[in-house]
Visitor: 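Pasting a structure here, questions to come.
Values below: all heavy atoms of this structure, side chains included; hydrogens, waters and symmetry mates excluded. These numbers come from a predicted model, not from an experiment.
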Protein chains: 2
Amino acid sequence: MSSIRAQQKEKTRRLLIDAAFAQLSAERSFSNLSLREVTKAAGLSPNAFYRHFSDMNELGLILIDEAGLMLKKLRSQARLRIKKGGSVVKISVLTFMEFIEQYAHIFRLLLQERSGVFRAALSREIDSFTKALCGYLQQANKLNAEVAYLQANATIIIVFSAAAEALDVDQKRRHDLTKRTILQLQMIDKGSLEMNSSR
Amino acid sequence: MSSIRAQQKEKTRRLLIDAAFAQLSAERSFSNLSLREVTKAAGLSPNAFYRHFSDMNELGLILIDEAGLMLKKLRSQARLRIKKGGSVVKISVLTFMEFIEQYAHIFRLLLQERSGVFRAALSREIDSFTKALCGYLQQANKLNAEVAYLQANATIIIVFSAAAEALDVDQKRRHDLTKRTILQLQMIDKGSLEMNSSR
DNA sequence: AAACTCAGAGTACAGTTGTACACCTTGATT
DNA sequence: AATCAAGGTGTACAACTGTACTCTGAGTTT
């Protein structure tokens with residue numbers, strides 16, 4: 001059962017979370033947001049904040065969770081598209097770039113503030129993406145574990161780096177960036193195959 | 001001529017710059033430093049700050065300049081070592097890693113705070129490194145311009161990414177990271193050669 | 001219907017911030 | 001030797017911060 005009260009509470013909780021995300025921009029990362037600004041943007045009194053989070057740190061952790069969830073969705077969506085056939089690299093990069101446009105605030109959170117918990121969170125996400133890709137590469141390309149890991153990690157780093165660059169850039173530039181990234185991943189793929197066969 | 005006054009002024013100016021750098025840590029990036037904290041760390045009164053910089057923004061720009069200068073030194077030192085022979089990739093990565101240990105604060109400034117001017121500064125540095133490497137690759141490996149650019153850019157991104165990761169990590173982990181990075185660059189190099197020959 | 005719970009607002013306060021002003025001290029200039 | 005210039009300090013203040021306290025209105029439980 002979900003009482004009217006619980007619904008209301010969830011609603012203003014979302015208001016706060018969304019307000020926090022919305023405040024992120026090219027110039028503004030999470031750590032220079034104040035509790036008061038967030039509540040103001042959400043149209044609430046500063047004290048209302050405490051009914052939902054104990055402090056900004058806790059809100060930060062929740063935003064990180066939310067970001068993690070979205071990235072999971074991103075991955076499953078890419079997997080789905082790949083199953084329908086086509087270049088794995090192209091599909092992955094395109095899916096990633098679409099997500100960046102759609103959920104810019106999530107990437108801002110993870111890519112713009114690289115200290116404390118946010119840095120750790122990004123590191124975890126990169127690890128997670130790396131492991132998934134690593135497994136795939138071992139299976140699909142018959143790579144040995146070490147080479148697969150090297151390729152997977154380099155690939156993910158290039159992609160996240162492109163993501164950071166794509167955040168505040170016009171469409172043309174973003175398109176070029178996408179093309180470049182695809183070529184770079186293909187380059188790494190070639191190198192990986194060769195390195196694998198010479199072992 | 002350098003009067004006693006000018007010397008003194010330069011001395012406390014350095015005091016402020018060094019204090020600012022010193023405050024940077026894994027948890028603390030430039031944008032959450034306050035003017036008062038910096039002057040306090042330098043052992044000065046808050047107002048003394050204004051005799052040297054108009055505000056924290058200006059100090060930030062000066063730190064960025066300083067960082068740029070150090071990276072120039074890093075590059076020329078790498079070039080010097082490379083002339084003495086040996087694997088270009090290994091020498092470059094090792095030189096980079098040594099610099100990170102020695103001038104951690106510079107990398108913190110550029111790699112930890114990725115919004116506003118700092119983001120732009122990092123982007124400039126990556127561009128600059130990319131161009132230099134790109135030129136070298138065209139000449140040394142007879143690559144065509146586009147392939148050289150792709151390789152150079154991917155290489156620099158991997159290296160800077162490793163730098164960010166190396167910042168707060170124990171020696172063993174850093175050693176592993178160095179090894180991994182070298183292998184990844186070699187992988188990219190193989191891929192680049194192949195991509196180049198198939199055009 | 002009465003009693004209770006609790007999300008939110010209003011007021012209040014102490015700590016920190018950037019910065020303006022008046023001052024002092026000391027090196028530089030005349 | 002007298003005057004000036006300028007780097008540094010102390011005081012002061014308004015703006016903003018997080019957060020404690022009290023109160024209220026409306027949903028919930030009895």
Visitor: What are the two closest heavy atoms between B/Ala67 and B/Leu110, and how far apart are they?
Guide: CB-CD1, 4.0 Å
Visitor: Taking the six-membered ring for Trp, are B/Phe96 and B/Phe107 closer than 6.0 Å centroid to centroid?
Guide: yes
Visitor: Quick one: label B/Ala48 by what it contacts on the DNA or RNA (base, sugar-phosphate, nothing), any heavy atom closer than 4.0 Å.
Guide: base
Visitor: Grab the CZ-C1' distance between A/Arg51 and D/dT24 for me, whole Å please.
Guide: 12 Å
Visitor: Expressed in angstrom and rounded to an integer, what is the separation of A/Glu58 atom CD from D/dT19 atom C1'?
Guide: 15 Å
Visitor: What orientation do A/Phe118 and A/Phe30 show, parallel under 30°, tilted 30 to 60°, or perpendicular over 60°?
Guide: tilted
Visitor: Between A/Gln8 and B/Ala6, name the one whose nearest nucleotide on DNA chain C is closer to the 5' end.
Guide: A/Gln8
Visitor: Is B/Ser45 near enough to D/dG8 that one of its side-chain N or O atoms lies under 4.0 angstrom from OP1 or OP2?
Guide: no
Visitor: Reading nucleotides 12-20 of chain C from the 5' end, what letters show protein touch, with B for base, S for backbone sugar-phosphate only, - for no heavy atom under 4.0 Å?
Guide: B----BBBB
Visitor: Is any side-chain N of the basic residue among B/Arg173 and B/Asp168 closer than 4.0 Å to the acidic one's carboxylate O?
Guide: no
Visitor: Look at the side-chain N and O atoms of A/Thr12 and state whether any lies under 4.0 Å from the OP1 or OP2 oxygen of C/dG8.
Guide: yes
Visitor: Using atom CZ of B/Phe49 as one end and atom P of D/dG10 as the other, report the distance to the nearest whole Å.
Guide: 18 Å
Visitor: Look at the side chain of B/Leu44 and decide which nucleotide, out of D/dT9, C/dG27, C/dA7, has an atom nearest to it.
Guide: D/dT9
Visitor: Do B/Arg5 side-chain and D/dA5 base share a donor-acceptor contact under 3.5 Å?
Guide: yes
Visitor: For A/Gln7, I'd like to know if atom CD has over 12 heavy atoms of other residues, nucleotides or ligands within 6.0 Å.
Guide: yes
Visitor: Between atom CG in A/Leu15 and atom P in C/dA9, what is the gap in whole Å?
Guide: 10 Å
Visitor: Can you pull out every side-chain hydrogen bond (donor to acceptor under 3.5 Å, both in side chains) where at least one residue sits in residues 61-72 of chain A? Sequence neighbours excluded, please.
Guide: A/Arg14-A/Glu66
